[in-house]
Amino acid sequence: MTDQLVTRTVPFLDLSHSVERDAAAFRSAWDRVLGHGGFVGGPEVAEFEQEFAEFCAVDECIGVANGTDALEIVLRALGIGPGDDVVVPANTFFATAEAVCNVGARAVFSDVDPDTLLIDPETLRAALTPNTAAVIAVHLYGQPCDMRALSEVAADAGVVLIEDAAQSHGARYANSEPAAHSVAATYSFYPGKNLGAFGDGGAIVTNDSSLANAMRQISQHGRSDADRYCHDVVGRNSRLDTVQAAVLSVRLRRLPEENAHRSQVFEWYAERLPASVPLVAQAPGRTSSFHLLVARCDDRDGLRRDLAAAGVQTGLHYPVPCHRQVAFAADGHVEPLSVVEAAAASIVSLPIWGYMSEVEVDYVCEQITRLRP
Ligand SMILES: *Cc1c(COP(=O)(O)O)cnc(C)c1O
């Protein structure tokens, strides 16, 4: 128990500064959308798609309704469905595997590297089955996977490589861009992500223009390019709202600055945290977006309780590995995955956001050092 007074509270995430500093720009973006009334498919959508494609240095960007749909649309456009297996790391948000199941394919879970907690060439190889059609590499916490090595394993096995970049806006692997080693990368613009809208949103980026056309069509009811009253395939409705696109254009201009600040926040933590609470390792040659700041502690639940009493909010990403979720229990493919299962019991996500101050990092680290010297 703490014997000190709470001198400060540090939330897990604080978006207020990001919202306030650009409030005027958000208001004028909203006024513009109100003015033309094109709430779906307004000009701001194509503008943002173009800006985000440039930011990612890719040829094509397709705005969609959220990051889960983005994955599902990639899988559908690739023709992945019943009878296919898709390898997904067990350490990811549920949505990665959910998208696989929603196209009728089977999610097969891989273990992760013990240092980075990411899928790696060995864990991918161990998870391949005769029916594997694709693998989804998840750049979890913002740290890119070893894409060159994964793409070699995928090519050897004849399977398609997809990137779930929902946590890694602006991250770079060995100076290469998203979709450089994969067919497509998917993004979420959920408000808490590094590039967050004021509601749901998502995007897919790719350098394959025929895949891009197929994905755009699926996201718009399978509508024909030539005639909007003709539907060539059964698609679905998954669009990025105009007002969210307008918000995202404003947020995108701040992303490099916010990511640079997150990297500084990581450095502050790395200097100040005690050895009893080490951070998850950063592999060389990768530039993380530092979406989440994940540390490990033997007595994780006790530490979280004590930090909460000291005014510090923490999170868990993720306490139940995907292959242990009840939703997948019926699939009967619950092999033990020892690294991810051990990690799930000891990981704790510490506060980080685009403008977190050094004083706040100091406070969190002082409390951890006091509680777990
Ligand atoms: C947030 C997230 C998603 C889902 O994105 P939504 O926009 O919430 O649908 C998928 N994968 C990962 C790794 C995520 O963090």
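Atoms within a ligand are numbered from 1 in the order they appear, just like the ligands themselves. Each residue takes its place number in the sequence, starting with 1. In this text the structure is predicted, and so the values were computed from the model without any measurement.
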Going by the 4.0 angstrom heavy-atom rule, the piece of Thr96 near ligand 1 is side chain
I'd like to check whether Ser188 has a polar contact with ligand 1, where a contact means an N/O of the residue lying under 3.5 Å from an N/O of the ligand. yes
Taking the six-membered ring for Trp, are the ring centroids of Phe189 and Phe48 within less than 6.0 Å of each other? yes
Can you report which non-hydrogen protein atom sits closest to atom 13 (C) of ligand 1, along with the distance? Asp164 OD2, 3.5 Å
So, is Ala95 polar-close to ligand 1, with some N/O to N/O distance under 3.5 Å? no
Quick one: does Thr92 get within less than 4.0 Å of ligand 1, heavy atoms only? yes
Can a salt bridge be assigned to the pair Arg236 and Asp69 using a cut-off of 4.0 Å between side-chain N and carboxylate O? yes
Enumerate the atoms of ligand 1 whose separation from the nearest heavy atom of Ala166 is less than 4.0 angstrom. 2 (C), 3 (C), 10 (C), 11 (N), 12 (C), 14 (C), 15 (O)
What I want to find out is whether Asp306 reaches Arg372 closely enough, with some N-O distance under 4.0 Å, to be called a salt bridge. yes
Numbered atoms and elements of ligand 1 in range of Gly67, under 4.0 angstrom, heavy atoms: 5 (O), 6 (P), 7 (O), 9 (O)
Among all protein heavy atoms, pick out the one at the shortest distance from atom 9 (O) of ligand 1; state its residue, atom name and that distance to 0.1 Å. Thr68 OG1, 2.5 Å
Which residues, ordered by chain and number, are linked to Phe39 in its hydrophobic cluster, where ILVMFWY side chains connect at heavy-atom gaps below 4.5 Å, directly or through other members? Trp30, Val33, Leu34, Val243
How far is atom 2 (C) of ligand 1 from its nearest protein heavy atom, and which residue and atom is that? Lys193 NZ, 2.6 Å
Glu258 and Arg21 ion-paired at < 4.0 Å: no
How does Val138 reach ligand 1, by side chain, by backbone, by both or by neither, if only non-hydrogen atoms under 4.0 Å count? side chain
Contacts under 3.5 angstrom, residues 337-354 side chains, donor-acceptor by atom type, not counting sequence neighbours:
unit_1, atom_1, unit_2, atom_2, d
Glu341, OE2, His323, NE2, 2.6
Glu341, OE2, Arg324, NE, 3.3
Glu341, OE2, Arg324, NH2, 3.2
Glu341, OE2, Leu337, N, 3.1
Ser346, OG, Ala343, O, 3.4
Ser349, OG, His317, ND1, 2.7

Go through ligand 1 atom by atom and flag the ones less than 4.0 Å from a non-hydrogen atom of Phe93. 2 (C), 3 (C), 12 (C), 14 (C)
Under 4.0 Å from a heavy atom of Asn66: give me the atoms of ligand 1 that qualify, with their elements. 7 (O), 9 (O)
In terms of the angle between their ring planes, are His17 and Tyr355 parallel, tilted or perpendicular, with boundaries placed at 30° and 60°? perpendicular
How about CG on Asp31, more than 12 heavy atoms from neighbouring residues, nucleotides or ligands closer than 6.0 Å, or not? yes
